[in-house]
Amino acid sequence: MEPLYQIKVTCSCCETVFHTSRVRPSFKKPVNTDTDFCAYYTTVNPDYYVVRVCPSCGFASTENFAERLTDRQKQAYNDKIGKQWQKRDYGGERGAADAMLSYKLALLSAQAIGEKDRVIAAVLHHIAWLYRYEGEVEQENRFLNFALDAYVRVFETERDSVSNARMMYLIGELNRRLGQYNEAVRWFGRVIQDKNITDAAMIRSCREQWQNMREEMNGKGIELPEEMLQSGT
């Protein structure tokens, strides 16, 4: 069985109907997953096919984008990107370069139409993962920083409609990966200490990363924050 199959998509910007590839569920079993949920696969990478790119106008989106655009959003996209688009098709098999282009088109599209921060945060995070797959640490960290800022905005503005525990864990973990240990301690600690949070998996992950961070900081000779000195977590 081929790992890819085609689906039909209607562009929410220009209403062109086009086909794009997806990965069959049986091929979506990761062999390993990083602590910020970046997954690794032995065959085809499903992340390469998350973004749908309209070959006609270039509008790129994921399933998390708004289903319909207002006339103002369509005009904003066309003014900033659509007018410069040269028709090309990303609907077939994608390598790392095509996957990166599709995600960056999705980022530009989301910014042009003023998509929600949680959508933009996810796109930024995925771009960081694509750089991680290629071993480009500097660019990975650059986009992790962008994603972190977006996740914080999501937490501050949408906390009633998102998973607080998962969001706080992600904010803590991205801070840890970027060497911003004091901030990481603060966010992990909020999950561990908040009695209203009952997500056992996220609480356990925060405890594990808290302990990993203690070892990491000790190994680097970095002074532990006050919270770590006082806590036996």
Side-chain angles (χ1 to χ4, degrees), residues 1-34 36-69 73-116 118-137 139-140 142-144 146-147 150:
M1 182 184 294
E2 291 293 321
L4 301 181
Y5 67 100
Q6 293 268 299
I7 62 169
K8 187 185 293 185
V9 178
T10 300
C11 177
S12 54
C13 187
C14 72
E15 300 185 5
T16 294
V17 177
F18 63 97
H19 288 84
T20 190
S21 295
R22 297 295 299 272
V23 176
R24 296 185 191 281
S26 58
F27 288 85
K28 290 184 177 181
K29 298 175 182 176
V31 294
N32 190 33
T33 304
D34 287 340
D36 66 340
F37 311 122
C38 176
Y40 298 83
Y41 304 85
T42 55
T43 54
V44 63
N45 189 336
D47 277 355
Y48 284 9
Y49 299 92
V50 169
V51 177
R52 302 90 58 93
V53 182
C54 175
S56 182
C57 74
F59 185 76
S61 64
T62 71
E63 291 180 350
N64 294 323
F65 276 55
E67 290 185 13
R68 292 182 177 85
L69 302 185
Q73 287 176 312
K74 292 177 181 179
Q75 188 63 51
Y77 170 77
N78 284 316
D79 288 345
K80 294 176 182 178
I81 302 167
K83 289 179 179 178
Q84 291 80 40
W85 175 254
Q86 296 179 352
K87 291 186 179 181
R88 52 191 181 275
D89 191 355
Y90 287 96
E93 186 175 349
R94 295 177 183 172
D98 284 342
M100 182 68 77
L101 283 170
S102 68
Y103 268 105
K104 289 192 173 179
L105 279 170
L107 176 60
L108 292 172
S109 298
Q111 291 171 333
I113 66 172
E115 254 296 356
K116 293 182 178 179
R118 59 181 168 82
V119 175
I120 293 176
V123 172
L124 289 165
H125 200 176
H126 275 79
I127 292 173
W129 291 348
L130 292 180
Y131 279 121
R132 187 179 304 170
Y133 295 141
E134 300 303 308
E136 297 188 37
V137 177
Q139 287 295 332
E140 176 197 339
R142 178 169 170 252
F143 277 89
L144 285 180
F146 293 151

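Worth saying up front: this structure is predicted, and the values here are computed from it rather than measured.
- Take Gln6 and apply the side-chain hydrogen bond (donor to acceptor under 3.5 Å, both in side chains) test, not counting sequence neighbours, and it matches Ser21.
- Between the side chain of Thr62 and the backbone N or O of Val50 there is no donor-acceptor pair closer than 3.5 Å.
- Expressed to the nearest 0.5 Å, how far CG of Asp89 lies from OG of Ser56 amounts to 11.0 Å.
- Of all heavy-atom pairs spanning Ser102 and Val51, the tightest one is O-CG1, 3.4 Å.
- For the salt bridge (charged side-chain N to carboxylate O under 4.0 Å, His left out) condition, the pairs that include at least one residue of residues 42-67, sequence neighbours left out, are Arg22-Glu63.
- Within the model, atoms OG1 of Thr20 and OH of Tyr5 stand 10.5 Å from one another, a figure rounded to the nearest 0.5 Å.
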Before you tell me yes or no, could you show the steps for Asn45 and Tyr133 under side-chain contact (heavy atoms from CB on, under 4.5 Å), namely the whole-Å CA-CA distance, both residues' side-chain angles and the distance that decides it to 0.1 Å?
CA-CA 10 Å; Asn45 189 336; Tyr133 295 141; 3.2 Å; yes
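- Summarising the geometry, atom CZ belonging to Arg68 is positioned 10.0 Å from atom OG belonging to Ser12; distances are rounded to the nearest 0.5 Å.
- For the residue pair Asp34 and Trp129, no side-chain donor N or O sits within less than 3.5 Å of a side-chain acceptor on the partner.
- Of all heavy-atom pairs between Leu144 and Ala128, the closest is CD2-CB, 3.6 Å.
- No more than 12 heavy-atom neighbours from other residues, nucleotides or ligands sit within 6.0 angstrom of NZ on Lys116.
- For Glu15, the CD atom counts as loosely surrounded, since its 6.0 Å shell holds 12 or fewer non-hydrogen atoms of other residues, nucleotides or ligands.
- A distance-only check finds no donor-acceptor pair linking the side chain of Glu115 to the backbone of Ile120 [under 3.5 Å].
- For Phe65 against Ala106, the heavy-atom pair with the smallest separation is CZ-O, 3.6 Å.
- When all heavy atoms of Cys11 and Phe59 are compared, the closest pair comes out as SG-CB, 4.0 Å.
- In this structure, His125 NE2 and Glu140 CD are separated by 8.5 Å, a value rounded to the nearest 0.5 Å.
- For CZ of Arg88, the number of neighbouring non-hydrogen atoms (other residues, nucleotides, ligands) closer than 6.0 Å is greater than 12.
- Here the closest heavy-atom approach between residue Ile127 and residue Met100 is recorded as CG2-SD, 3.9 Å.
- The distance from the NZ atom of Lys104 to the CG atom of Leu124 is 10.5 Å, given to the nearest 0.5 Å.
- Between Ile81 and Ser109, the closest heavy-atom pair is CD1-N, 3.9 Å.
- In terms of modelled atom types and a separation under 3.5 Å, the side chain of Tyr49 and the main chain of Val44 share no donor-acceptor contact.
- We find the OH-OH distance between Tyr103 and Tyr131 to be 13.5 Å, quoted to the nearest 0.5 Å.
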